[in-house]
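Atoms within a ligand are numbered from 1 in the order they appear, just like the ligands themselves. Any value given below was found using the heavy atoms of this structure, including those in side chains, with hydrogens, waters and symmetry copies removed.
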Amino acid sequence: MKESMLCLAASLIMGGAAFAQNMTFDVSAKKKGEIPETLYGLFFEDINFGADGGLYAEMIKNRSFEFPQSFMGWKVFGNVALMDDGPFERNPHYVRLAPTGHRWKHTGIENEGFFGIGVKKGESYRFSVWARVPEGGKAQKLGVELGNSDSDNWTQMFNRVELSIDSEEWKKYEITFKAEKTTDSAFLRVFLESDGVVDLEHVSLFPVDTWKGHKNGLRKDIATALADLKPGVFRFPGGCIVEGTELGTHYDWKKSVGPVENRPLNENRWHFTFKHRLYSDYNQSYGLGFYEYFLFAEEMGAEPLPIMNVGLICQYMSATLDEHVPMDSLDCYIKDVLDLIEFANGPADSEWGKVRASMGHPEPFNLKYIGIGNEQWGPEYVERLKVFMKAVRSRYPEIRIIGSSGPQPEGKDFDYLWPEMKKLKVDLVDEHFYRDEKWFLSQGTRYDKYDRKGPKVFAGEYACHVTNSGRNQFHAAMVEAAFLTGVERNADVVEMATYAPLLAHRKGWQWRPDMIWFDNLDICKTGSYYVQELFSHYKGTDMLDLSMDKNPVAGLEGQNGMYSSAVWDENRKSYIVKIVNTSDKENSICLNFRKLKRGETLGDARVISLTAATLQTENTFDDKHRIEPEETSLPVSGSEVTVKSAPHSIMVCIIPSVFRGNP
Ligand code: AHR
């Protein structure tokens, strides 16, 4: 009572006017349990051109001429033939360039990239190609040019380098140049400039400045934005990509490792999943493969989390049970899982550890988690998972296994699967929820009653899909933040949570909202990105109890649309309180700290807020700063903090613990 009176007085002084509501949240300084390092992570899938044409920095589409339509993405002119006895067993096609026999007719090939090729003036790019002079004899000359057709200039081309192909044997040729122009829509042209025959395979163009400078690397701006979130876990390769449309098109990790030139093409199920957003040229090159995923996870400081196929194709797409792998034919799928663990963790002289070592990583990747089955359901999933689990448990008992609770966060499949997962004793259960704002607001206490003795939760795919809008409005970000306060309050049962999908090319998306949008030159972070950033950066180390009239602050009746959670951060020696106001009223919140240690008091707070002009506001490529965290400071003394919580706002208050005298 005494504290509340003080809080009320403070709020009146602070604002100089009456607030709509005064509320007191009691924060207990007594630690309740550790926050898992993995709590906030990343879900990655090659959807929306997230990998090829996105995070994977390769700029040439169909670089090995292996698309079902061999010249898709290419214009060929003059005397060009498609050949199929190339140097790479799993990518046999290549092109043969020969003179036309006419002085004015040229031979060459031209690639359109992914919605164009994006280059920036002054930045360096590496062109590489496997080539030979099949007839031997003198060296042959290639002209490699960048141009764009919308140019007003006398010439379309703005960059040109020459390459001499001098060997009868297949060899890799490489040349680096600086772009003379900035454009998001260049094309790459390779001319035969001399009078002999030249064979070309694996035609590639990368920026030199990739994430960490890796040659088969990632786009630096996108990778940096992901790493900046400080994710605790990195889930890959999906999503439905794990399952495939029919047997044989599931993501096959073994084809995604080893020399990049010999990784075969796989169709991308997202090219045709939605007829209204069809991309017939969307395939997976596997250039961004499991080695690159593991390495990226390591470089971000995140736990790698591969999701493996359980012998089921996408159940949304299958009409009958016959389309799945029969129970008595699961062996090679199970072997894929066991071999993957060896690839990640096995010694450098083991069969698969050797492959990892040959790619440049003799040390293990220290894999701890594996998901088996993405978004599967029904007894057909349970019976398969059981067999997979037995095999993994007996060989690798230390690996934590994640099972699925199906595609919905409640209902028939969910209610069937959770008890089954408990019976199977999986370590974590993957829950997926793409739901509207009302649903998110109703889930403030979702995890409060979860069984503490059962499997942990992996909120493996979630995003608010605002009613009648697929866009990344602030509204979505706000309710996601409200939901995450409930996740944080229950961090003893929720071990990880990953927003989905992560990336979308603005010219090539199939699904929205997404966390980060990009085009060929730039990225645009959404409000949802900043929510992830705030929760991840300020996740703290220990859970604390925060309540109002002894109830959690979770949008309950009488709580004015407020959601809140509190943690202790051992590294910052600070209390961190997150406050989400989903109402259209300002609320004055008194944070009343209890159980502080003897001599402990609170120091001036940093307050980071995320707001927007309206609920519909979203960041755009033209204005990326409409929704962005803003930091202020707040004078604090004693054991109480009074903050003004603006309508429709997210706040993170970082309040240092201060000891006067000896602690
Ligand atoms: O995130 C998009 C898709 O949603 C995922 O691929 C799938 O798992 C879910 O249905």
Check: residues 454-462 side-chain donor-acceptor pairs under 3.5 Å, at least two apart:
{"from": "Lys456", "atom 1": "NZ", "to": "Asp492", "atom 2": "O", "distance (Å)": "2.6"}
{"from": "Glu461", "atom 1": "OE1", "to": "Tyr434", "atom 2": "OH", "distance (Å)": "2.5"}
{"from": "Tyr462", "atom 1": "OH", "to": "Gln532", "atom 2": "NE2", "distance (Å)": "2.7"}

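The closest side-chain donor-acceptor pair between Arg384 and Asn309, if any, does not fall under 3.5 angstrom.
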Could you pull out the N/O contacts under 3.5 angstrom between ligand 1 and the surrounding protein atoms?
{"from": "ligand 1", "atom 1": "1 (O)", "to": "Tyr434", "atom 2": "OH", "distance (Å)": "2.6"}
{"from": "ligand 1", "atom 1": "1 (O)", "to": "Glu461", "atom 2": "OE1", "distance (Å)": "3.4"}
{"from": "ligand 1", "atom 1": "4 (O)", "to": "Tyr434", "atom 2": "OH", "distance (Å)": "3.4"}
{"from": "ligand 1", "atom 1": "4 (O)", "to": "Glu461", "atom 2": "OE1", "distance (Å)": "3.1"}
{"from": "ligand 1", "atom 1": "6 (O)", "to": "Glu45", "atom 2": "OE1", "distance (Å)": "2.6"}
{"from": "ligand 1", "atom 1": "6 (O)", "to": "Glu45", "atom 2": "OE2", "distance (Å)": "3.2"}
{"from": "ligand 1", "atom 1": "6 (O)", "to": "Cys240", "atom 2": "N", "distance (Å)": "2.8"}
{"from": "ligand 1", "atom 1": "8 (O)", "to": "Asn374", "atom 2": "ND2", "distance (Å)": "2.9"}
{"from": "ligand 1", "atom 1": "8 (O)", "to": "Glu461", "atom 2": "OE1", "distance (Å)": "3.2"}
{"from": "ligand 1", "atom 1": "8 (O)", "to": "Glu461", "atom 2": "OE2", "distance (Å)": "2.7"}
{"from": "ligand 1", "atom 1": "10 (O)", "to": "Glu375", "atom 2": "OE1", "distance (Å)": "2.8"}
{"from": "ligand 1", "atom 1": "10 (O)", "to": "Glu375", "atom 2": "OE2", "distance (Å)": "3.1"}

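The backbone N or O of Phe440 lies less than 3.5 Å from no partner atom in the side chain of Gln443, so there is not a single donor-acceptor pair.
Residues forming a side chain to side chain contact (heavy atoms under 4.5 Å, CB included) with Ala482 (at least two apart in sequence, or on another chain): Leu441, Tyr563, Val580, Thr582. Residues satisfying the side chain to side chain contact (heavy atoms under 4.5 Å, CB included) test with Pro409, not counting sequence neighbours, are Phe433, Arg435, Trp439, Arg446.
Note: Phe49 and Phe115 meet the aromatic proximity criterion, with ring centroids under 6.0 Å apart.
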